[in-house]
Amino acid sequence: MKYNQYAYVETKLETQVKELLQIKFLPANYQDLSFAQLLAEMVENCRAEVQPNDENARATKLNEFAVSLTQTLVAFLDTKPEEISLIEFYNIALQLLDYRVHYDYDLNDPCKTMKKQALPMVDSISNKEELISAFYRLLNTRTKNGQLLIDVMAGKGYFYNRKNELPTNQFVFLNGKSLPVFDTSKVIREVVYVESDLDTDGDGQSDLLQATIFRPFESEKMPVPALYTASPYFGGIIDNEKRNHNVDENLTDATEWTNPQYEPSAVVKARKPSDENTSSATEMAVGKSSYTLNEYLLARGFASVFAGAIGTRGSDGLRITGAPEETESAKEIIEWLHGDRIAYTDRSRKHEIKADWCNHNIGMTGRSYLGTLQIAIATTGVAGLKTVVSEAAISSWYDYYREHGLVIAPEDCQGEDLDLLAETCQSNLLDSGDYIKIKPKYDEMQANLLEKEDRKTGQYSDYWENRNYRHHTDKINCSWISVHGLNDWNVKPKNVYKIWQKVKDLPVEHHLFLHQGPHYNMNNLVSIDFTDLMNLWFVHELLGVENNAYNQWPTVMIQDNLEADIWHDEKDWSNDVGQEVVYYPTDDTELQKDGNGKKKLTFLDLGGKEFKAAKISETAWQDKFIAGDEKWAKPSLRFTTDEFIHPVTIVGRPEVKLRVSSSLNKGQISVALVELGDRKRLTAVPKFLMRDGQELGFRFGTDTLQEFVPDKLSHAKLITKAHMNLQNYADMQKPAAIEPGEFYDLSFELQPTYYKVPVGSKLCLIIYSTDQGMTKRPLEETTYTIDLAKTEIKFNEK
């Protein structure tokens, strides 16, 4: 497995020396030391668990190293060398990087292991200057646990043991990244209450919004930036899994649709912040940080702020999933951090408190709903927000709960919708005083959400329009990083793809990471040093340090689906990449590049009848369905290509055209593009390689190294899919009546992808109706007929 490293910044020797002197790694008298003495000093310094002033203990650590099969490091130093060979140096280096002799590498050829693991090497070490550069590069090399050696040393106490020698109340940088020199045993944990301009619970008072802050003790004497995570889950959740909506019901005639409208909540202007000195926090935070990237950066001087905003525990108001009120309330936390909004020490509203510890530069972090609110807030153009790192985020709530005129569930969330997610996050109901105050208004809001989300027809409406952040991208003025899984069927890839098409044309710095996971983080993968990249990024964006962050890695990075340790560098991710090809289904169920079929083929959809009787999971159903299991493949049409004789990468959004008739005056069509072939594919989720093996700081929490690895043999892999309401054949935003037995032409796009089809595999186009994991599961049987003469799928390949 390659430990790819993208965050290392090429640095001149002069700067290397300056930085190493500052962190007390390079002795102040290094110029007076011999080559052998300098080598010994720096190896000893790497053993961070030893007190720096205990010369005997430091010296004994040298006995643990060998430079060859026949010579220890101590014996080598006794010869008073004036240079060291690459074999000798990288034998020492691999041990410092936590590789084990014999098990992980051979003392006769350490360079082989260095190259295999993609660990960087210098060309020669023939003098002290080259030795310094070699150690500088080594400190900035990923160890076996995935972290940089300097971070591993920090976790063992390197900076803690030298705290009296290091600069105080200031950031310390190495290779453009902030080091964990902040005292994590003294983190300030406090709670404040930001006054909103909203009155979502209708009590005549502006809603108060609880915010929880974790900041370095040193921020009492120096301003620090804030990493804000807008998390509706932070105050706890209300478990409503058993109350999800029933999806085992017939489709309705979508012409019943009435286009429900969005109605804004009342506005009550908050007080303006005063110019006077204000109070200190009186309430200590009892919650814990829910995001390891924030913890990692807190040890490096970045404050961490969590807030759930309206309707969450400790705050006033109601959850209104995806609505402008939700965006407004989450944005108001940034306004307080920037000095533009008032907050109080408690809910009495008597004692004002300012974020005078903040340097007014705010970045945002978080995945899923937390990433979604980053997009929402960024589209307001709020002052102070400098950058977002948005992971697995929704850019339009319609694209989360609906698709092409149908009610479509996020993966593993069949029957969930706006109202139930609001219920999950309405955590202020957990406190009895808030419960009796808010419950009547909450019940009204739940009824309103249920009515206007329209689970009967699944059509786009004004209500959904006001939950589409992509219409406001022109207001984005902060830098942008999107992270998404290509196999994310919860927040489906269309969400990141569509907003990327807009962000990439804005005059802001922008990057995109696409990994092979489902709804997952990527900050601790073996194959990419994402955490280090984010350190580099936030140092540039929130501290103004010029560290080459904008040019350090490609605009688009995409993880390979065949070999996880390969990342593809791309300038873009769109339908403009590669060349367009068209495939046609034929009468003999082949999928070819030339010649339409002439037949009209039918299949009988049974809805959810057999699925319910089988009592299998939705995941098990999909695995059997795409692999062609006879029972589950029966209600579908399947068209397969010949085996590929060279690899092809499918890029962007495939488009399908179908001529379809239904035996009823309604219908839903699903399409899947699948790769067939018996081989060991990568695991669906990363495998834990070192559980809790990464120290985020000195005695300050851990993270787990993980990566996608080859799994057991499988027969098929879903590449992408999509669903459509037949009644939207003429207009995606307006349904029309259809007649049973009449043919209608459908044209719609599948979810975007970047998928390499290997030699020997086949592509399979599956046309079906009920998707047991995502669509409604009708109780009535429906016959669908496909006219092959007017059916095709096209996509871009490279």
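- For Tyr435, there are no ring-ring contact (aromatic ring centres under 6.0 Å, His included) partners, not counting sequence neighbours.
- Interatomic distance, Gln374 CD to Arg367 CZ, rounded to the nearest 0.5 Å: 12.0 Å.
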Run the ring-ring contact (aromatic ring centres under 6.0 Å, His included) test on Phe171 and Phe182 for me, step by step, so that the C-alpha distance in whole Å, both residues' side-chain angles and the decisive distance to 0.1 Å come before the verdict. CA-CA 8 Å; Phe171 287 84; Phe182 295 83; 5.1 Å; yes
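- Residue pairs meeting the salt bridge (charged side-chain N to carboxylate O under 4.0 Å, His left out) criterion with at least one member in residues 210-229, sequence neighbours excluded, are Glu190-Arg215, Arg215-Glu220.
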Could you go step by step and tell me if His519 and Ser368 meet the side-chain contact (heavy atoms from CB on, under 4.5 Å) rule? CA-CA 8 Å; His519 201 55; Ser368 193; 2.7 Å; yes
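- A donor and an acceptor atom, one from each side chain of Asn524 and Asp703, are located under 3.5 Å apart.
- Side-chain N/O atoms of Thr229 and Thr365 include a donor and acceptor closer than 3.5 Å.
- Using a cutoff of 4.0 Å between basic side-chain nitrogens and carboxylate oxygens, Asp434 and Arg347 are scored as salt-bridged.
- No side-chain donor-acceptor contact under 3.5 Å links Ser329 and Asp207.
- Between Arg313 and Asp431 there is a salt bridge, with a side-chain nitrogen of the basic residue lying less than 4.0 Å from a carboxylate oxygen of the acidic one.
- Side-chain contact check for Thr704 and Arg691: no donor-acceptor pair (N or O, by modelled atom type) lies under 3.5 Å.
- Checking Glu332 against Ser196 by side-chain atom types alone, a donor-acceptor pair falls below 3.5 Å.
- Tyr193 and Glu283 share a side-chain donor-acceptor pair at under 3.5 Å.
- Ring pair Tyr262/Tyr463 is tilted by interplanar angle, where 30° to 60° counts as tilted.
- Applying the ring pair (Phe, Tyr, Trp, His ring centres under 6.0 Å) definition to pairs two or more places apart or across chains, those involving residues 348-375 are Tyr233-Tyr369, His338-His360, Tyr369-Trp397.
- Sorted by first and then second residue, the ring pair (Phe, Tyr, Trp, His ring centres under 6.0 Å) pairs with a member in residues 303-337 read Phe234-Phe306; sequence neighbours excluded.
- The side-chain contact (heavy atoms from CB on, under 4.5 Å) check on Arg349 picks up Glu195, Gln205, Ser206, Leu208, Asp316, Tyr344, with sequence neighbours excluded.
- A salt bridge links Arg341 with Glu335: the closest approach of a Lys/Arg side-chain nitrogen to an acidic carboxylate oxygen falls below 4.0 angstrom.
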Could you check His515 against Tyr520 for ring-ring contact (aromatic ring centres under 6.0 Å, His included), going step by step and ending with a plain yes or no? CA-CA 9 Å; His515 60 79; Tyr520 225 77; 7.4 Å; no
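- Side-chain polar atoms of Asn428 and Gln426 form a donor-acceptor pair below 3.5 angstrom.
- A donor and an acceptor atom, one from each side chain of Gln210 and Ser315, are nowhere located under 3.5 Å apart.
- A donor-acceptor contact under 3.5 angstrom links the side chains of Thr292 and Asn523, judged on distance only.
- Side chains of Glu325 and Ser265: a donor-acceptor N/O pair is present below 3.5 angstrom, by distance only.
- For Lys156 and Glu695, the salt-bridge test fails: no basic side-chain N is under 4.0 Å from an acidic carboxylate O.
- For the pair Arg300 and Tyr296, the cation sits on the ring face: its NZ or CZ lies under 6.0 Å from the ring centre, inside 45° of the axis.
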Would you check, one step at a time, whether the test salt bridge (charged side-chain N to carboxylate O under 4.0 Å, His left out) holds for Asp197 with Lys269? CA-CA 5 Å; Asp197 286 339; Lys269 284 292 182 180; 3.6 Å; yes
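- In this structure, Glu352 pairs ionically with Lys354, as a charged nitrogen and a carboxylate oxygen lie closer than 4.0 Å.
- By the side-chain contact (heavy atoms from CB on, under 4.5 Å) test, Leu21 is found to be paired with Val17, Leu26, Tyr30, residues two or more places apart in sequence or in another chain being considered.
- The one candidate from Trp480, Phe530, Trp537 that meets the ring-ring contact (aromatic ring centres under 6.0 Å, His included) condition with His511 is Trp537.
- Of the residues listed (Lys331, Arg467, Arg319), the one engaging Glu326 in a salt bridge (Lys or Arg N to Asp or Glu O under 4.0 Å) is Arg319, and it is the only one.
- Between the side chains of His540 and Asn547, not a single donor N or O lies within less than 3.5 Å of an accepting N or O.
- Looking at Asp529 and Lys177, no side-chain N of the basic residue comes within less than 4.0 Å of a carboxylate O on the acidic one, giving no salt bridge.
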